[in-house]
Trainee: 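The structure's right below; bear with me while I get my questions together.
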Amino acid sequence: MGIFDTVTSVLEGSTQRAPGTAGDDGSEGAYWCDDCGVRVRDVAVDEEGFDRDADGVPVCSDCGESMRFERATGSGCAC
C-alpha cells in the first residue's frame with residue numbers, strides 16, 4: 001500500500017493551507033445580496049461600513065435589502 005499512501009498524502013496536502021494564510025481570520029462565510037450580487041465576508045461587515053437590520057443582518061449597500069448568509073464549506077475562503 002506504499003504507493004497508495006503516498007498518493008493519498010499528496011492529494012490531502014494539496015487542499016490544506018499553511019498556518020497564517022488567508023482564511024485563518026475566523027470567517028465562517030459571507031453575506032450576499034441575491035438582487036445585486038453584492039458580497040461581503042462576515043468578518044468584514046463592520047469594517048466595510050454595512051448597516052444592519054433589526055435582526056443584525058447586514059443590509060445591501062446598493063439596494064437596502066437584507067443580505068443572505070452563506071456558510072463556507074471546506075478549507076477554502078468564502079469567496
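Counting begins at 1 with the first residue of the sequence. Just the heavy atoms: all of them, side chains too, but no hydrogens, waters or symmetry mates, feed the values below.
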Trainee: Can you run down the ring-ring contact (aromatic ring centres under 6.0 Å, His included) pairs that involve residues 38-72, sequence neighbours left out, and say none if there aren't any?
Mentor: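 Residue pairs with at least one partner in residues 38-72: Tyr31-Phe69.
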
Trainee: Who clusters with Val43? Use side-chain heavy atoms, under 4.5 angstrom, across I, L, V, M, F, W and Y, and order the result by chain and number.
Mentor: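 Traced through the cluster, Val43 reaches no other member.
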
Trainee: Would you check if the side chain of Asp51 reaches a backbone N or O of Val59 as a donor-acceptor pair within less than 3.5 Å?
Mentor: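 No, the answer is negative, given that no donor and acceptor are paired below the 3.5 Å cut-off.
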
Trainee: Roughly how far, to the nearest 0.5 Å, is CG of Asp53 from CD of Glu65?
Mentor: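 So the CD of Glu65 and the CG of Asp53 are separated by 10.0 Å.
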
Trainee: When rounded to the nearest 0.5 angstrom, what is the spacing between SG in Cys33 and CZ in Arg39?
Mentor: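 The CZ atom of Arg39 is 13.5 Å from SG of Cys33, to the nearest 0.5 Å.
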
Trainee: What residues form a salt bridge (charged side-chain N to carboxylate O under 4.0 Å, His left out) with Asp46, not counting sequence neighbours?
Mentor: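 Asp46 satisfies salt bridge (charged side-chain N to carboxylate O under 4.0 Å, His left out) with Arg52 once adjacent residues are dropped.
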
Trainee: Less than 4.5 Å apart, any side-chain heavy atom of Arg41 and any of Asp25?
Mentor: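 Yes, close enough: below the 4.5 Å cut-off.
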
Trainee: Which distance, rounded to the nearest 0.5 Å, do you find between the CE of Met67 and the SG of Cys36?
Mentor: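 Here the interatomic distance stands at 8.5 Å.
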
Trainee: How long is the span from the CZ atom in Arg71 to the CG atom in Asp42, to the nearest 0.5 Å?
Mentor: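 Spacing of CZ (Arg71) from CG (Asp42) equals 8.5 Å.
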
